[in-house]
Amino acid sequence: VQLVESGGGLVQAGGSLRLSCAASGRTFGNYVMGWFRQAPGKQREFVAAISWSSGSTLYTDSVKGRFTISRDNAKTTGYLQMNSLKPDDTAVYYCAASQGLSRRSDSFNYWGQGTLVTVSS
């Protein structure tokens, strides 16, 4: 699976962005899709994940109620809608694909190149 993120950029605190993850290659619908992020000087952390059927989702506590993960298997694209953004959300955001629903980065076999989100105060 090849993954390409888009939609990052600069936004003021309180604003919104929607990230997209376009997939190609193996059947996208067979994979769990996840989003991770890495802030400067910090380790990569889990943000959200969604099952292949969209029936199950996971979120890290810091984004619950603000971020929404979704996917459109017909378009082989995943999304991360980010609302009420905070400066602490500033990071490179990566989408990833896994065969199982997990918060662990080592469970994800395929990764995109990342897209930068910068939230100004």
Student: Calculate, to the nearest 0.5 Å, the distance between atoms CG and CE belonging to Leu3 and Met33 respectively.
Tutor: 9.0 Å
Student: Is any side-chain heavy atom of Tyr93 closer than 4.5 Å to a side-chain heavy atom of Met82?
Tutor: yes
Student: Which residues pass the side-chain hydrogen bond (donor to acceptor under 3.5 Å, both in side chains) test with Asn73, sequence neighbours left out?
Tutor: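 Asn73 satisfies side-chain hydrogen bond (donor to acceptor under 3.5 Å, both in side chains) with Arg71 once adjacent residues are dropped.
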Student: State, with a plain yes or no, whether a side-chain heavy atom of Asn30 is found less than 4.5 Å away from one of Trp52.
Tutor: no
Student: If you look at every heavy atom in Ser107 and Ser102, which pair is closest and at what distance?
Tutor: OG-OG, 3.2 Å
Student: Side-chain donor-acceptor contacts of residues 8-22 below 3.5 Å, not counting sequence neighbours, with atom names and distances?
Tutor:
unit_1 : atom_1 : unit_2 : atom_2 : d
Ser16  : OG     : Asn83  : OD1    : 2.9

Student: Got a sec, which pairs hit disulfide (SG to SG under 2.5 Å) with one end in residues 31-94, sequence neighbours left out?
Tutor: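 As it turns out, there is no disulfide (SG to SG under 2.5 Å) pair with a partner in residues 31-94 once direct neighbours are skipped.
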Student: Under 4.5 Å between any side-chain heavy atoms of Trp35 and Val63, yes or no?
Tutor: no
Student: Between Thr76 and Ala23 (side chain of the first, backbone of the second, donor and acceptor by atom type, cut-off under 3.5 Å), is there such a pair?
Tutor: yes
Student: Between the side chain of Thr27 and the main-chain N/O of Gly29, is any donor-acceptor distance below 3.5 Å?
Tutor: no
Student: Once side-chain hydrogen bond (donor to acceptor under 3.5 Å, both in side chains) is applied, do any residues pair with Ser120, and if so which ones, sequence neighbours excluded?
Tutor: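 Ser120: no side-chain hydrogen bond (donor to acceptor under 3.5 Å, both in side chains) contacts found.
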Student: With Thr57, which residues qualify under side-chain hydrogen bond (donor to acceptor under 3.5 Å, both in side chains), at least two apart?
Tutor: none
Student: Would you mind listing every salt bridge (charged side-chain N to carboxylate O under 4.0 Å, His left out) that reaches into residues 83-101, with sequence neighbours excluded?
Tutor: Arg37-Asp89, Arg66-Asp89
Student: Given a cutoff of under 4.5 Å between side-chain heavy atoms of I, L, V, M, F, W and Y, with clusters grown through shared members, what are the other residues clustered with Phe108?
Tutor: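 For the cluster that includes Phe108, the remaining residues are Val32, Phe36, Phe46, Leu58, Val92, Tyr94, Leu101, Trp111, Leu116.
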Student: For residues 49-63, pull every pair meeting salt bridge (charged side-chain N to carboxylate O under 4.0 Å, His left out), keeping only residues two or more places apart or in separate chains.
Tutor: Asp61-Lys64
Student: For Asp72, check side-chain contact (heavy atoms from CB on, under 4.5 Å) against everything at least two apart and list the hits.
Tutor: Ala74, Lys75, Tyr79
Student: Where is the tightest heavy-atom contact between Ala48 and Leu80, given as atom of each residue plus distance?
Tutor: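 Residues Ala48 and Leu80, closest heavy atoms: CB-CD1, 4.3 Å.
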Student: Do Val117 and Thr90 touch side chain to side chain, with heavy atoms closer than 4.5 Å?
Tutor: no
Student: One pair to check against side-chain contact (heavy atoms from CB on, under 4.5 Å): Phe67 and Thr60. What are the steps and the verdict?
Tutor: CA-CA 10 Å; Phe67 290 12; Thr60 192; over 6 Å; no
Student: Applying salt bridge (Lys or Arg N to Asp or Glu O under 4.0 Å), can you list everything that pairs with Arg103, at least two apart in sequence or on another chain?
Tutor: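 For Arg103, no residue satisfies salt bridge (Lys or Arg N to Asp or Glu O under 4.0 Å) once neighbours in sequence are set aside.
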Student: What do you reckon, is CD of Glu45 surrounded by more than 12 foreign heavy atoms closer than 6.0 Å?
Tutor: yes
Student: Under the disulfide (SG to SG under 2.5 Å) rule, what pairs show up with a residue in residues 27-77, not counting sequence neighbours?
Tutor: none
Student: Output all residues satisfying side-chain contact (heavy atoms from CB on, under 4.5 Å) with Gln113, sequence neighbours left out; order by chain, then residue number.
Tutor: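 With neighbours one apart ignored, the set is Val4, Glu5.
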